[in-house]
Amino acid sequence: MSERDEKIKSLVNMGFSEDEANEAIIRCVDSVSASRVAEDCHSRNLSDHQVTDRCFNSFGGRKKARLMEESRKKRKRYGSGGQGNRPSLDGSDEDSMPLPNPMVGFNLPGYSGPSVTRMLSKLDTGPPFFYYENVARAPKGEWAKISRNLFDIQPEFVDSLHLCAAARKRGYIHNLPIENRSPLLPLPPKTIFEAFPHYKKWWPSWDTRTHLNCLQTCVASAKLTDRIQRALVSSSNPPTKSVQKYVMDECKKWNLVWVGKNKVAPLEPDEMEYILGFPRDHTRGVGKTQRYKSLGNSFQVDTVAYHLSVLRRMFPNGVRVLSLFTGIGGGEVALHKLGIHMRVVVSIEIGEASKKIFKSWWDQTQTGTLIEITDVKSLTNDRVASFISQFGGFDLVIGGSPCNNLAGSNRHHRDGLEGKHSALFYDYVRILNFVKSAMGGRRM
DNA sequence: TGCACTATGACAATATTG
DNA sequence: CAATATTGTCATAGTGCA
């Protein structure tokens with residue numbers, strides 16, 4: 001109690017009213033169990049640290065306030081905030097959500113540090129369980145907005161490079177238990193050379209990468225790899241520092257690998273499938289551009305499976321899944337690899353190529369019921385209600401909403417959650433809330 | 001039409017320097 | 001501490017070709 005008073009006092013000193021400070025403490029304690037907060041305040045436990053820090057950073061010192069003021073001005077032009085926002089605690093929509101370092105979420109296999117315990121309010125736990133995903137580096141304030149719309153649950157930020165050979169910085173908001181998780185076995189290759197030993201042959205010593213950067217939807221042009229080759233050929237051996245820097249910059253930017261003498265190339269689609277944890281040839285059967293696009297948009301299967309692994313014990317007879325923005329079925333592949341039977345999947349996906357990929361995987365591997373819906377807008381609450389009465393409810397609502405307007409590589413329309421595509425997040429919220437209320441907290 | 005290919009910054013977090 | 005540099009990012013729009 002005295003510690004709590006101390007925290008309140010320090011917040012008041014920062015210029016917040018006592019009520020605001022009080023509410024902030026309550027919110028912190030809501031995300032992490034009270035004892036842990038007290039215990040870990042001075043420890044180096046990064047995960048816990050992240051949670052407590054975040055609570056205080058939202059109110060952080062005067063400098064932060066000034067920065068928030070600036071960005072508020074800048075953002076005015078984006079118009080009024082999103083629909084359905086709860087009033088924010090400090091009256092600002094610009095809460096910063098610092099990303100943890102290392103980005104390992106609540107816990108990860110191989111990172112045996114003391115892990116977080118968290119307590120969700122009874123209203124927030126299932127049924128149904130839900131799992132939401134998006135890019136970690138969204139514009140300022142967007143994750144705070146997402147969190148507010150998902151019951152103020154703190155995101156779990158994970159960089160998949162701690163689990164596989166490529167980086168993938170993502171935030172996940174879910175109400176799953178976080179104790180007793182188990183990874184998919186065998187663990188995926190963790191470095192480039194573990195994944196692709198044959199690239200050692202042409203890999204120059206001055207390229208010190210051990211992991212690839214984030215696999216994206218577009219790959220380098222032949223023209224670019226030609227330019228790199230010409231630069232290398234006309235340089236000395238080893239190349240001059242400036243040539244090395246040029247080549248390395250491009251290799252990192254485009255995720256290029258060494259496939260021959262002075263020759264770099266983008267990964268092939270099947271190599272991306274491998275790193276992302278999909279079965280070989282999962283995306284085969286559509287154009288190469290489409291394969292890159294759908295793979296760049298998908299989950300890293302091992303990461304998601306680790307989070308979902310807690311469901312296996314809870315649903316020995318299988319799960320009923322509402323899958324929004326299914327894509328090529330990263331979540332379903334994760335469940336399947338975990339050995340969790342999918343009794344029902346209602347899948348919403350608008351991309352023709354992705355639908356084709358997912359359907360053919362389903363037909364090859366699954367025996368449950370699959371219902372395919374193209375447009376999330378056409379999944380009205382009435383329709384959700386009829387599915388619920390047909391199947392008796394859903395156990396898991398899973399999906400990553402479009403990141404187009406949040407992602408840094410979008411040069412044109414990075415307009416945040418209110419952007420044309422990313423605003424579909426609000427349909428996720430709508431549908432999840434409807435499922436929750438229709439299932440009314442009772443076991444079905 | 002559909003596909004492959006190419007050129008095109010902006011932003012924020014982090015690292016470095018003054 | 002403040003200014004500056006570096007790094008990295010689930011992309012889009014336009015063009016030419018079959």
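Note that the structure is a prediction, hence the values are computed from the model and not measured. Numbered from 1 within each chain, the chains take letters A, B, ... in sequence-line order. The figures here come from the full heavy-atom set of this structure, side chains too, leaving out hydrogens, waters and symmetry mates.
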Return the value, rounded to whole Å, for the distance between atom [atom1] of [X] and atom [atom2] of [N].
X         : N       : atom1 : atom2 : result
Phe325(A) : dC10(C) : CZ    : P     : 17 Å
Asn297(A) : dT12(C) : CG    : C1'   : 13 Å
His211(A) : dT9(C)  : NE2   : P     : 13 Å
Asp249(A) : dA5(C)  : CG    : P     : 16 Å
His413(A) : dC10(C) : NE2   : P     : 18 Å
Leu406(A) : dT12(C) : CG    : P     : 11 Å
Tyr246(A) : dT6(C)  : OH    : P     : 18 Å
Asp415(A) : dT12(C) : CG    : C1'   : 12 Å

> Can you find a donor-acceptor pair, distance only, under 3.5 Å between Gln290(A) side chain and dC3(B) base?
Replying inline: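 No, the side chain and the base share no sub-3.5 Å donor-acceptor pair.
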> What about Arg137(A), does its side chain sit under 3.5 Å from the base of dC11(B) through a donor-acceptor pair?
Replying inline: no
> Is Lys288(A) touching bases, backbone alone, or none of the nucleic acid, heavy atoms closer than 4.0 Å?
Replying inline: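 The answer is sugar-phosphate, as Lys288(A) gets under 4.0 Å only of primed atoms, P, OP1 or OP2.
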>> What contact category does Ser422(A) fall into here, base, sugar-phosphate, or nothing, at under 4.0 angstrom with non-hydrogen atoms?
In response: nothing
>> Let me confirm one number: the CG-NE2 distance from Asn107(A) to His307(A), rounded to the nearest 0.5 Å.
In response: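 The CG atom of Asn107(A) sits 7.5 Å away from the NE2 atom of His307(A).
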> Which value, rounded to the nearest 0.5 Å, describes the distance between Ile350(A) atom CD1 and His421(A) atom NE2?
Replying inline: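 Here the rounded value is 8.5 Å.
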Side-chain N or O of [X] closer than 4.0 Å to phosphate OP1/OP2 of [N]:
X         : N       : value
Gln216(A) : dA11(C) : yes
Thr289(A) : dA4(B)  : yes
Asn410(A) : dT9(C)  : no
Lys245(A) : dT7(C)  : yes
Ser221(A) : dT6(B)  : yes
Asn101(A) : dT14(B) : no
Arg414(A) : dG9(B)  : no

> Given the side-chain rings of His174(A) and Phe129(A), with only the six-membered ring counted for Trp, is the space between their centroids under 6.0 Å?
Replying inline: no
>> Taking the six-membered ring for Trp, are Phe278(A) and Trp361(A) closer than 6.0 Å centroid to centroid?
In response: no
> Within a radius of less than 6.0 Å around NZ of Lys263(A), do more than 12 heavy atoms belonging to other residues, nucleotides or ligands occur?
Replying inline: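 Result for NZ/Lys263(A): open.
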> More than 12 non-hydrogen atoms from neighbouring residues, nucleotides or ligands closer than 6.0 Å to NZ on Lys293(A), yes or no?
Replying inline: no
> Would Phe130(A) and Phe151(A) satisfy ring pair (Phe, Tyr, Trp, His ring centres under 6.0 Å), going step by step from the backbone distance to the final call?
Replying inline: CA-CA 11 Å; Phe130(A) 75 93; Phe151(A) 324 110; 5.6 Å; yes
>> Quick check: on DNA chain B, is the nucleotide nearest Ala220(A) upstream (toward 5') of the one nearest Arg411(A), or the reverse? Name the residue that is more 5'.
In response: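 That would be Ala220(A).
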>> Closest-nucleotide mapping onto DNA chain B: is Arg227(A) or Gly287(A) further toward the 5' terminus? I mean the 5' end.
In response: Gly287(A)
> Taking the P atom of each, how far is dT6(B) from dT9(C), in whole Å?
Replying inline: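 Here dT6(B) and dT9(C) have their P atoms 22 Å from each other.
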> For the residue pair Leu295(A) and Pro269(A), what are the closest heavy atoms and their distance?
Replying inline: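 Minimum heavy-atom contact is CD1-O, 3.5 Å.
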>> Taking Watson-Crick (N1-N3 plus N6-O4 or O6-N4) and G-U wobble (N1-O2, O6-N3), each under 3.5 Å, can you produce the dot-bracket string of DNA chain C? Use [ ] for crossing pairs and | for inter-strand ones.
In response: |||||||||.||||||||
>> Nearest to the side chain of Cys218(A), heavy atoms from C-beta on, is which of dA11(C), dA12(B), dC10(C)?
In response: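 Comparing dA11(C), dA12(B), dC10(C) against the side chain of Cys218(A), the answer is dA11(C).
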> Of the nucleotides dC10(C), dT9(C), dT6(B), which one has an atom closest to the side chain of Lys223(A)?
Replying inline: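 Ranking dC10(C), dT9(C), dT6(B) by closest atom to the Lys223(A) side chain puts dT6(B) first.
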>> Assess the residue pair Glu250(A) and Arg227(A) against the criterion (salt bridge (Lys or Arg N to Asp or Glu O under 4.0 Å)); give the C-alpha distance rounded to whole Å, side-chain angles, the decisive distance to 0.1 Å, and a yes or no.
In response: CA-CA 10 Å; Glu250(A) 296 299 329; Arg227(A) 267 204 299 276; over 6 Å; no
